[in-house]
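Here the structure is laid out as structure tokens; the discussion comes afterwards.
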There are 2 protein chains.
Amino acid sequence: MVDKLIDGAGCLLKPLERSVSSELKQSYLFARLDEEQIQRVEAMSRRVGLSDGQYLFQAGEKATRFYLVTQGQIKLYRLALNGNEKVIEIISPGHTFAEASMFQESPNFPVNASAIGETELYSFDNSAFLGMLRESVDTCFRLMGDMSQRLKRLIKEIDDLTLQSATGRVAGFLWGRWNAGKANGNTIELNVPKGVLASRLSVKPETFSRILHNFSEQKLIQVHGSSIEVIDEEGLYRHAESAGICGGSLSPDL
Amino acid sequence: MVDKLIDGAGCLLKPLERSVSSELKQSYLFARLDEEQIQRVEAMSRRVGLSDGQYLFQAGEKATRFYLVTQGQIKLYRLALNGNEKVIEIISPGHTFAEASMFQESPNFPVNASAIGETELYSFDNSAFLGMLRESVDTCFRLMGDMSQRLKRLIKEIDDLTLQSATGRVAGFLWGRWNAGKANGNTIELNVPKGVLASRLSVKPETFSRILHNFSEQKLIQVHGSSIEVIDEEGLYRHAESAGICGGSLSPDL
DNA sequence: GACAATCTTTGATAAACGTCAACACAAAGG
DNA sequence: CCTTTGTGTTGACGTTTATCAAAGATTGTC
């Protein structure tokens, strides 16, 4: 499951001259920085490459940098003493993570981070970035927006865990993904190993498999390896909402 | 369970001349504002009083203000369609809440809020406060620190939910509270109704009761109404850690 | 102090999910 | 080509926790 612990940083790639600034600007956080600021961010950045399963950092480590994914995926997860792992979040290209610990007195990562597939990212020095933040209230605001979004997401996650059954969570996930990518003709591509997804949904792999099987039998979906065809959207939604949230006009994407 | 929906604001108390600024300064968020800024915050504040069970706001409502509790407690919770409620957080005096939604494009409260016991609070206008934030990077930083703390707490909450059994969660809670208030001679005061606490721990009241009963039989604790005497700290800790977190030197208070 | 309302406890029952173990299947590598 | 390793599936079984129902406790109120 885990490949090897690389000395806290994975293998360092040399910075690409090409399109660093354009890559940075993909991220909401850096999007509206001016050229001079982008230059400074670049200067404090390092490019890191990880192969599948490699650690980026472990929970409890001192947090001195934060990250932007440009390729592949990063899974943030926690471990129980018995070895159980729970995936908290899966970070896709264009998104930053670990930027919240910047503001802690003695910053430690609250989660473990490792790569899913071949992954590339930038890392940025916390204190240097903090320095820049001090000069730009605008960027502060952007960051705060980002954090408040994350807060909302986590709260949503907590409901899902407590108010929904495992079956409901899986149904909700499928329904959400189906809605997100209606373009692809009723087919959802799980671009993550099923085991990881199961953990993300807080379900054991065996149970996840069984639930998908059930849904198949109920003619709600049809599974072909890691792509899932949605047959009965209605039915799926019924399963998802049966334990879902009310008291709020929460957008489905939340 | 719920008293009555007051028109979005509870009953308005008239501002007390007395010690508003000193009360504000209790909160981390306002602590280091200068006198002029405190004045401005005061000007945008309203004092609100709620009696037990009264709504402050509901999930989905437009969020235009945020709050500081000065007396009593506020419970933030979510509702499932079947009426189940899950308490996300219990806010005690000196703490602010709902300040994160300020930064959302179209801010809506992600949770419901209602009072536990006689409760008093200040509310502050989002846009006015945002204006002030623009002028004070320092306050931005403080706010970001606050938010990142909340993020960490929520992540911790998610582990507790997924990596721990109900029994472990209760044990962990008791152990944490025992550690927090060692002064009080091995006795923990639950200053919240057991049902609310159960929800906070994501356990049904019945189950909560049974778990306490079990712990009693195992001579770990002794229950006297809403105060609990810890007899065997070790044993309690064993229960808590059996499914607890590793891979991190997470402080017990996290 | 007595009554009502609410909260808490207790018991019996059942469903959902996790665990353990074996097996299928695919991709990777000799 | 055949092993090997990782990953997903299936089955049998056990445990935990929710649910339903009802009886005690507490609290507040008149």
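Residue numbers start from 1 in every chain, and the chains themselves are labelled A, B, ... in the order their sequence lines are given, proteins ahead of strands.
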Which atom of B:K86 lies closest to which atom of B:S202, heavy atoms considered: NZ-OG, 2.8 Å

Give the minimum heavy-atom separation between B:R150 and A:L151, together with the two atoms involved.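 Looks like CB-CD2, 3.9 Å.
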
Presence of salt bridge, A:R78 and A:E85, under 4.0 angstrom: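 No.
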
In plain terms, say whether A:E229 and A:K219 are close enough for a salt bridge, that is, a side-chain N and a carboxylate O under 4.0 Å apart.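 Salt bridge absent between A:E229 and A:K219.
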
Please report, rounded to the nearest Å, how far the [atom2] atom of [N] is from the [atom1] atom of [X].
{"X": "A:L212", "N": "C:dC17", "atom1": "CG", "atom2": "C1'", "result": "15 Å"}
{"X": "A:Q164", "N": "C:dA16", "atom1": "CD", "atom2": "C1'", "result": "15 Å"}
{"X": "A:D52", "N": "C:dA27", "atom1": "CG", "atom2": "P", "result": "16 Å"}
{"X": "B:I228", "N": "C:dT8", "atom1": "CD1", "atom2": "P", "result": "11 Å"}
{"X": "B:K204", "N": "C:dT8", "atom1": "NZ", "atom2": "C1'", "result": "16 Å"}
{"X": "A:N214", "N": "D:dT10", "atom1": "CG", "atom2": "P", "result": "10 Å"}
{"X": "B:F215", "N": "C:dT9", "atom1": "CZ", "atom2": "C1'", "result": "17 Å"}
{"X": "A:I116", "N": "D:dT7", "atom1": "CD1", "atom2": "P", "result": "11 Å"}

Side-chain N or O of A:T167 less than 4.0 angstrom from OP1 or OP2 on C:dA16?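 False: A:T167 side-chain N/O out of range (4.0 Å or more) of C:dA16 OP1/OP2.
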
Reckon A:H213 has a side-chain N or O less than 4.0 Å from the OP1 or OP2 of D:dT10? yes

Can you figure out which of [options] approaches the side chain of [X] most closely?
{"X": "A:S165", "options": "C:dG18, C:dC17, C:dT9", "result": "C:dC17"}
{"X": "A:T207", "options": "C:dG11, D:dT9, C:dC17", "result": "C:dC17"}
{"X": "A:P193", "options": "C:dG18, D:dG8, C:dT8", "result": "D:dG8"}
{"X": "A:K194", "options": "D:dT17, D:dG8, D:dT10", "result": "D:dG8"}
{"X": "B:E206", "options": "D:dT17, C:dG18, C:dT9", "result": "C:dT9"}

Between the base of D:dG11 and the side chain of A:R210, is there a donor-acceptor distance below 3.5 Å? yes

Identify which one of B:R200, B:K75, B:R153, B:K156 satisfies the salt bridge (charged side-chain N to carboxylate O under 4.0 Å, His left out) criterion when paired with B:E89.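 Testing B:E89 for a salt bridge (charged side-chain N to carboxylate O under 4.0 Å, His left out) against B:R200, B:K75, B:R153, B:K156 leaves exactly one candidate, B:R153.
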
